[in-house]
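Below is one structure, written out as structure tokens; comments come after it.
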Amino acid sequence: MSDSILVSDFDGTVTGEDFFQLVVNNLLTPADMQPWDEYLEGKITHFEALQRIFGKVRAPESEVEALLDDMRPDPRMPGCLAALRASGWEVVLASNGCEWYIRRILDRLGVKVELHANPGTYLEGGPLDMRAPTGSQFYSPDTGISKAALVRFHLERSARVAFAGDGYTELEPALLVPPDLRFARAALAAALRSPGESVQAFPAWCDMPRKLLFGNGNAAG
């Protein structure tokens, strides 16, 4: 195990857009969003809301895969991963989304990296059948994968642990790492700044690894 670990979210962190939002905007109706309202009201978990919403998708698999182009993953990721590994950092991806689409994007990029996400299968004509990762040591009934548990695991075993994310639900794992190794954008950055916590902002995923390697990110990776 490496002495330096970067635990990174995927949707909205490695990518510019969330798969969930693209599905909602392109394949679903407002009525299909009732599970999300139930989640916001505290009636069901985050995992249950996503599972039920993905379960409403009815479209050819090719149409759903076409949405992956719109997620805009950072194309520099393979080179940035190589630079991080050469400097002693290892990257672990953690997502409360579905492994089905994440693996496809990573394959397109030619990236091999440790991934913790909710397993799933796209059935013929739909839906996306997302399942709970009950066999994972990082399983959480609330989100499927507990990013906080993953960060704690590496904090017990590694000299340096960094975290990168973009969502409000990632506040707990972000606060577990030192401020100079806490990378955030979007809702997570706002949630950290609200109580006055320090945050390292990054416009795209590879700009964040450059900060890890080169301080202010002046050198190319």
Side-chain angles (χ1 to χ4, degrees), residues 1-15 18-20 39 45-51 54 71 73-74 77 80-81 84-85 87-106 109 111-120 130-189 191-192 197-200 202 205-206 208-209 211-213:
M1 181 175 294
S2 174
D3 286 337
S4 301
I5 302 290
L6 167 61
V7 178
S8 174
D9 171 52
F10 187 78
D11 289 60
T13 302
V14 172
T15 68
D18 283 24
F19 177 77
F20 171 78
Y39 160 64
T45 66
H46 184 275
F47 174 83
E48 288 171 326
L50 273 128
Q51 183 185 51
F54 286 157
M71 289 185 70
D74 193 328
M77 190 179 188
C80 292
L81 274 174
L84 283 166
R85 287 167 175 163
S87 298
W89 283 90
E90 192 52 67
V91 174
V92 177
L93 294 181
S95 174
N96 299 139
C98 188
E99 186 177 0
W100 177 83
Y101 66 85
I102 297 173
R103 288 289 184 196
R104 280 161 171 73
I105 290 177
L106 294 177
L109 291 170
V111 164
K112 301 292 185 183
V113 65
E114 182 179 332
L115 170 65
H116 299 273
N118 299 310
M130 187 172 79
R131 301 181 296 276
T134 52
S136 169
Q137 69 186 102
F138 308 114
Y139 169 63
S140 162
D142 291 332
T143 57
I145 291 292
S146 170
K147 295 173 187 176
L150 184 58
V151 169
R152 289 191 185 95
F153 173 85
H154 286 291
L155 283 170
E156 293 173 357
R157 292 161 176 80
S158 304
R160 294 184 297 175
V161 179
F163 180 80
D166 76 312
Y168 179 79
T169 58
E170 294 159 350
L171 185 59
E172 181 183 1
L175 289 172
L176 291 173
V177 304
D180 61 325
L181 297 177
R182 182 187 300 152
F183 297 89
R185 55 188 306 202
L188 177 58
L192 287 165
E197 292 286 342
S198 298
V199 58
Q200 307 292 322
F202 63 99
W205 194 84
C206 269
M208 176 265 305
K211 274 196 171 183
L212 286 177
L213 296 176

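All values reported here derive from a predicted model rather than from experimental measurement. Scope of the values below: all heavy atoms of this structure, side chains included, with no hydrogens, waters or symmetry mates.
- Residues satisfying the salt bridge (Lys or Arg N to Asp or Glu O under 4.0 Å) test with Glu90, not counting sequence neighbours, are Arg85.
- With sequence neighbours left out, the salt bridge (Lys or Arg N to Asp or Glu O under 4.0 Å) criterion links Glu114 to no other residue.
- Ring geometry, Phe19 versus Tyr101: the interplanar angle falls under 30°, so the pair is classed parallel (tilted spans 30 to 60°).
- In terms of heavy-atom proximity, Pro133 sits nearest to Tyr139 at O-CB, 3.3 Å.
- In terms of modelled atom types and a separation under 3.5 Å, the side chain of Asp166 and the main chain of Ala186 share no donor-acceptor contact.
- Here the CZ-CG distance, from Arg103 to Leu115, works out to 4.5 Å after rounding to the nearest 0.5 Å.
- Of the inter-residue distances, the one linking Leu106 atom CG with Lys112 atom NZ reads 9.0 Å to the nearest 0.5 angstrom.
- Partners of Asp74 under the salt bridge (Lys or Arg N to Asp or Glu O under 4.0 Å) rule, at least two apart in sequence or in another chain, are Arg76.
- At distances below 3.5 Å, not a single donor-acceptor pair connects side-chain atoms of Ser158 with backbone N or O atoms of Arg160.
- Checked options Ile5, Val7, Val161, Leu150; the residue passing with Leu155 is Val161 (criterion: side-chain contact (heavy atoms from CB on, under 4.5 Å)).
- Applying the salt bridge (Lys or Arg N to Asp or Glu O under 4.0 Å) definition to pairs two or more places apart or across chains, those involving residues 167-177 are Lys147-Glu170, Arg152-Glu172.
- Pairs of residues two or more places apart, or lying in two chains, that qualify as salt bridge (Lys or Arg N to Asp or Glu O under 4.0 Å) and include a residue from residues 175-185 are Arg182-Glu197.
- Under the salt bridge (Lys or Arg N to Asp or Glu O under 4.0 Å) criterion, Asp11 pairs with no residue, sequence neighbours left out.
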